[in-house]
Asks: 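Okay, here's the structure, questions in a sec.
Computation of the quantities below employed the complete heavy-atom set of this structure, encompassing side-chain atoms and omitting hydrogens, waters and symmetry-equivalent molecules.
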Amino acid sequence: QSSSFVAVTSDAPATVTFTTQNAALRRDSLQFQGYMGYHYNGAGTNLLCNMKSTSRGGFRVSSGVAGFDWGAAWGGTNIVVDGTGTLYVSADSAPAFGTRAVAKTSGVTLTLKDSGKLYLEGGETFIGWATKDGEDIPRGTYTAANCDWIEGEGSLRVLHDHAGIVLIVR
């Protein structure tokens, strides 16, 4: 099922929560702008399609499957997958968090908690920083072959971690 394009915007921090008991696949051409956040807490699958959201709000999946398809992308700063949620990224939306150059400077952080997972259909998805249950995920490339929180054929490239050198100048 598809819907027509709708822009969802807010000048102040706000979140739209989608809750459904319907297990069907739903594709929405929604674009989030301003400070509008997205939270999916449902039984089925809800995919944002065709639009690059420019919101500075967060994206969260707590149950069910939510994510990006048909070239959709998220421009916000924080993406949280917790509870039993799964973040889905299709092959044509693999740069959903931005290209390598954008992810290096955007400050987008992926936070995985509880049983939260990623489903990466294909291609390489870039993210600035990532954590799993409060621990930094070190800079590197991750696939279903080397970690249990990724499914699918794609890969996740984490560009930064919080490791480094501390200099004290007196």
Side-chain angles (χ1 to χ4, degrees), residues 7-8 13 15-16 18 27-40 45-62 64-165:
V8 183
T15 300
V16 172
F18 292 84
R27 288 186 169 93
D28 290 312
S29 293
L30 298 172
Q31 183 181 51
F32 289 78
Q33 303 169 348
Y35 289 90
M36 184 58 72
Y38 172 96
H39 180 203
Y40 187 74
T45 300
N46 192 39
L47 302 178
L48 301 181
C49 303
N50 301 322
M51 296 285 137
K52 176 166 185 359
S53 291
T54 58
S55 172
R56 288 169 286 210
F59 186 98
R60 182 176 174 196
V61 186
S62 295
V65 178
F68 311 99
D69 201 5
W70 300 343
W74 187 255
T77 57
N78 294 311
I79 298 173
V80 176
V81 186
D82 61 3
T84 58
T86 299
L87 175 66
Y88 174 93
V89 181
S90 70
D92 59 350
S93 287
F97 311 117
T99 62
R100 180 186 182 110
V102 170
K104 277 184 121 171
T105 60
S106 69
V108 176
T109 298
L110 171 66
T111 302
L112 295 163
K113 298 178 185 176
D114 309 319
S115 298
K117 291 188 179 247
L118 300 179
Y119 182 90
L120 305 174
E121 183 182 65
E124 188 171 43
T125 299
F126 295 96
I127 191 77
W129 290 266
T131 64
K132 173 74 172 129
D133 293 322
E135 299 290 323
D136 278 347
I137 296 173
R139 175 178 49 205
T141 300
Y142 299 89
T143 66
N146 64 12
C147 60
D148 61 358
W149 42 268
I150 292 180
E151 298 174 343
E153 300 297 317
S155 64
L156 177 72
R157 171 88 52 100
V158 178
L159 299 176
H160 307 286
D161 54 34
H162 293 100
I165 299 172

Asks: Just wondering, are more than 12 heavy atoms of other shown residues or ligands nearer than 6.0 Å to NZ in Lys132?
Replies: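 Result for NZ/Lys132: enclosed.
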Asks: For Ser55 and Gly57, which heavy atoms make the closest approach, and how far apart are they?
Replies: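 Nearest pair, atom of Ser55 first, then Gly57: OG-N, 2.8 Å.
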Asks: Could you check whether any side-chain heavy atom of Val61 comes within less than 4.5 Å of a side-chain heavy atom of Val80, counting everything from C-beta outward?
Replies: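 SC-SC contact between Val61 and Val80 ruled out.
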Asks: Check whether any side-chain N or O of Glu121 sits under 3.5 Å from a backbone N or O of Ala91 as a donor-acceptor pair, and report yes or no.
Replies: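 Pair found, side chain donor or acceptor close to backbone of Ala91.
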Asks: Should the heavy atoms of other residues, nucleotides or ligands under 6.0 Å from OH of Tyr119 be counted, would the total exceed 12?
Replies: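 Count over threshold, so yes.
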Asks: Under the ring pair (Phe, Tyr, Trp, His ring centres under 6.0 Å) rule, what do Tyr40 and Phe18 come out as? Steps first, then yes or no, please.
Replies: CA-CA 5 Å; Tyr40 187 74; Phe18 292 84; 7.0 Å; no
Asks: One pair to check against side chain to side chain donor-acceptor pair (under 3.5 Å): Arg60 and Ser62. What are the steps and the verdict?
Replies: CA-CA 6 Å; Arg60 182 176 174 196; Ser62 295; 3.2 Å; yes
Asks: Rounded to the nearest 0.5 Å, how far does CG of Asp28 lie from CG of Leu47?
Replies: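 Rounded to the nearest 0.5 Å, the CG-CG separation comes out at 9.0 Å.
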Asks: To the nearest 0.5 Å, tell me how far Ile127 CD1 sits from Trp129 CH2.
Replies: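 Going from the CD1 atom of Ile127 to the CH2 atom of Trp129 covers 9.5 Å.
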Asks: Begin with the C-alpha distance, continue with both residues' side-chain angles, and end with the deciding distance and a verdict on side chain to side chain contact (heavy atoms under 4.5 Å, CB included) for Val16 and Met36.
Replies: CA-CA 7 Å; Val16 172; Met36 184 58 72; 3.5 Å; yes
Asks: In Å, rounded to the nearest 0.5 Å, how long is the span from NZ of Lys52 to CD of Gln33?
Replies: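 Taking NZ in Lys52 and CD in Gln33, the distance rounds to 11.5 Å.
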Asks: Using the ring centroid of each side chain, check whether Phe32 and Phe59 are separated by less than 6.0 Å.
Replies: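 Judged by ring-centre distance (under 6.0 Å), Phe32 and Phe59 do not meet the cut-off.
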Asks: In Å, rounded to the nearest 0.5 Å, how long is the span from CG of Leu120 to CG of Leu156?
Replies: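 Those atoms lie 6.0 Å apart.
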Asks: Distance under 6.0 Å and angle within 45° of the ring axis: does Arg157 meet both against Phe126?
Replies: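 Because its charged atom misses either the 6.0 Å distance or the 45° angle limit, Arg157 does not stack over Phe126.
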Asks: To the nearest 0.5 Å, how far apart are CG in Leu118 and OG1 in Thr125?
Replies: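 Reported to 0.5 Å precision, the distance equals 8.5 Å.
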Asks: If you apply the rule side chain to side chain contact (heavy atoms under 4.5 Å, CB included), what do you find for Thr109 with Ile79, and how did you get there?
Replies: CA-CA 6 Å; Thr109 298; Ile79 298 173; over 6 Å; no
Asks: Evaluate the side chain to side chain contact (heavy atoms under 4.5 Å, CB included) criterion for residues Asp92 and Trp70: first the C-alpha distance (whole Å), next the side-chain angles of each, then the deciding distance (0.1 Å), finally the verdict.
Replies: CA-CA 6 Å; Asp92 59 350; Trp70 300 343; 4.1 Å; yes
Asks: Would you say the side-chain atoms of Lys117 pair up with the backbone N or O of Asp148, donor to acceptor, closer than 3.5 Å?
Replies: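 Side chain of Lys117 to backbone of Asp148: a pair is present.
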Asks: Might you work through the side chain to side chain contact (heavy atoms under 4.5 Å, CB included) test for Leu110 and Val81, ending with a clear yes or no?
Replies: CA-CA 8 Å; Leu110 171 66; Val81 186; 4.3 Å; yes
Asks: Under a 3.5 Å distance rule, please check whether Asp161 uses its side chain to pair with a backbone N or O of Pro138 as donor and acceptor.
Replies: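 Checked: no pair found.
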Asks: How long is the span from the CZ atom in Phe68 to the OH atom in Tyr88, to the nearest 0.5 Å?
Replies: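 Separation between the atoms: 12.0 Å.
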Asks: How about Ile137 and Trp149: do any of their side-chain heavy atoms sit closer than 4.5 Å?
Replies: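 They are in contact (side-chain heavy atoms under 4.5 Å apart), so the answer is yes.
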Asks: If you look at every heavy atom in Thr141 and Glu124, which pair is closest and at what distance?
Replies: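 That closest heavy-atom pairing would be OG1-OE2, 4.3 Å.
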Asks: Just checking, any donor-acceptor pair under 3.5 angstrom between side chains of Tyr38 and Asn46?
Replies: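 There is such a pair between these side chains.
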